[in-house]
2 protein chains.
Amino acid sequence: MEVTIVDNQQLEIQKKIDKVLCGKAEVESCCPIKDILARFGDKWSIYTILTLGKQEKVRFNELKSQITGVSQRMLTVTLRSLEEDGLVSRQVYPEIPPRVEYSLTPLGQGLLLQLLQLADWAKLNIDQILEAREKYAKKEKQVQLT
Amino acid sequence: MEVTIVDNQQLEIQKKIDKVLCGKAEVESCCPIKDILARFGDKWSIYTILTLGKQEKVRFNELKSQITGVSQRMLTVTLRSLEEDGLVSRQVYPEIPPRVEYSLTPLGQGLLLQLLQLADWAKLNIDQILEAREKYAKKEKQVQLT
DNA sequence: CTGTATCCCTCTGGATACTG
DNA sequence: CAGTATCCAGAGGGATACAG
């Protein structure tokens, strides 16, 4: 029966959620998704990962010019944190002037694929979301008139 | 040849990245992934979506007690923003005392599935990441000693 | 060229008190 | 019960100057 299949799916999902939440929805839990999200939930990490994904090796200033609007400081900070998690590798050439090349590690490329999947979903559903926002804005206006 | 296949994959990925970045990595661009991420990149949205995903309908205080550590204010703010994007629906029963039930919309359930996929990746790779962090910490220590 | 250091401002989010 | 309003501390991040 259809219902059973749907119910089973639902059960599977709930099991997964329980695992992700580790039983409790604690902020400081072992929850790996929160840990991962902390790494690209900030302002520049996604752009950095995507931009690094477009090429094999990129130098610092090259990267900076490709990511519009990022400050020198924040690019450094972002790259360091990605490097710390093994998502990005940093190759320093002891020359003068110094040359440093950044690239995605295999781990970083794996995350990139996940991000692209998320982007696929986003593109498919962005219209629905924008529509919902308009509806919400209209409803808010009406409430304020009363 | 293997190489060709790999190259083709790489080309596909680069195309996708270009689309996501809309040509330029501009912060205020049309980039849908950034828009989506802005919705669950904050402190409480993920927990809220996951917790809502575990049941069909949940009342406000019930939700508050299930999400450990969230303040009343932030739960309200989070729910409102999710509602605004059509990810969560809010059903008010005009009773005394008031009763309000929250639930995921189909759109929200779609996002939940994406999050669970991300969680799968996270769980598979969290060990590698933790290992990378340890290595990085050791390297930092050595640098500081010099 | 590739950073680091400092200052400073904004925005997020927590605590608390009040309301329909 | 389910919020809203207000205040405030701390983190995130931009601008700028300096350094190896």
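A, B, ... follow the sequence lines: proteins, then strands. Residue 1 opens every chain. These values consider heavy atoms only, across backbone and side chains, with no hydrogens, waters or symmetry-generated copies.
- Under the 3.5 Å distance criterion, with hydrogens and angles disregarded, no donor-acceptor pair is assigned to the side chains of B:Ser89 and B:Thr105.
- One side chain, A:Gln66 or A:Gln55, offers a donor N or O that lies under 3.5 Å from an acceptor on the other.
- Residue whose closest nucleotide on DNA chain C sits further toward the 5' end, between B:Asp42 and A:Arg90: A:Arg90.
- Taking side-chain N and O atoms only, B:Tyr102 has a distance below 4.0 Å to OP1 or OP2 of D:dG3.
- Nucleotide C:dG3 holds its P atom 9 Å from the CG atom of A:Asn61, rounded to whole Å.
- For B:Arg99 and D:dA2, the shortest distance from a side-chain N or O to OP1 or OP2 is not below 4.0 Å.
- For the segment residues 71-84 of chain A, residues with any heavy atom less than 4.0 angstrom from an atom of DNA chain C are, sorted by number, A:Gln72, A:Arg73, A:Thr76, A:Arg80.
- The CG atom of B:Leu104 sits 8.5 Å away from the CG atom of B:Leu82 when rounded to the nearest 0.5 Å.
- With salt bridges taken as basic N to acidic carboxylate O contacts below 4.0 Å, none links B:Glu62 and B:Lys64.
- Straight-line distance from the CD atom of B:Glu101 to the P atom of D:dA2: 9 Å, rounded to whole Å.
- When the side-chain nitrogen and oxygen atoms of B:Lys43 are compared with OP1 and OP2 of C:dG14, one or more of them lie within a distance under 4.0 Å.
- At whole-Å resolution of the value, CH2 in B:Trp44 and C1' in C:dC11 are 18 Å apart.
- Looking at A:Thr51, its side chain never comes within 3.5 Å of a backbone N or O of A:Ile67 through a donor-acceptor pair.
- Counting to the nearest Å, the P atom of C:dC1 and the CG atom of A:Leu63 are 14 Å from each other.
- Taking atom CZ of B:Phe60 as the reference point, atom P of D:dC1 lies 11 Å away to the nearest angstrom.
- Counting only heavy atoms from C-beta outward, the side chains of B:Arg80 and A:Tyr136 approach each other to under 4.5 Å.
- The distance between atom CD of B:Gln91 and atom C1' of D:dC1, rounded to the nearest whole Å, is 16 Å.
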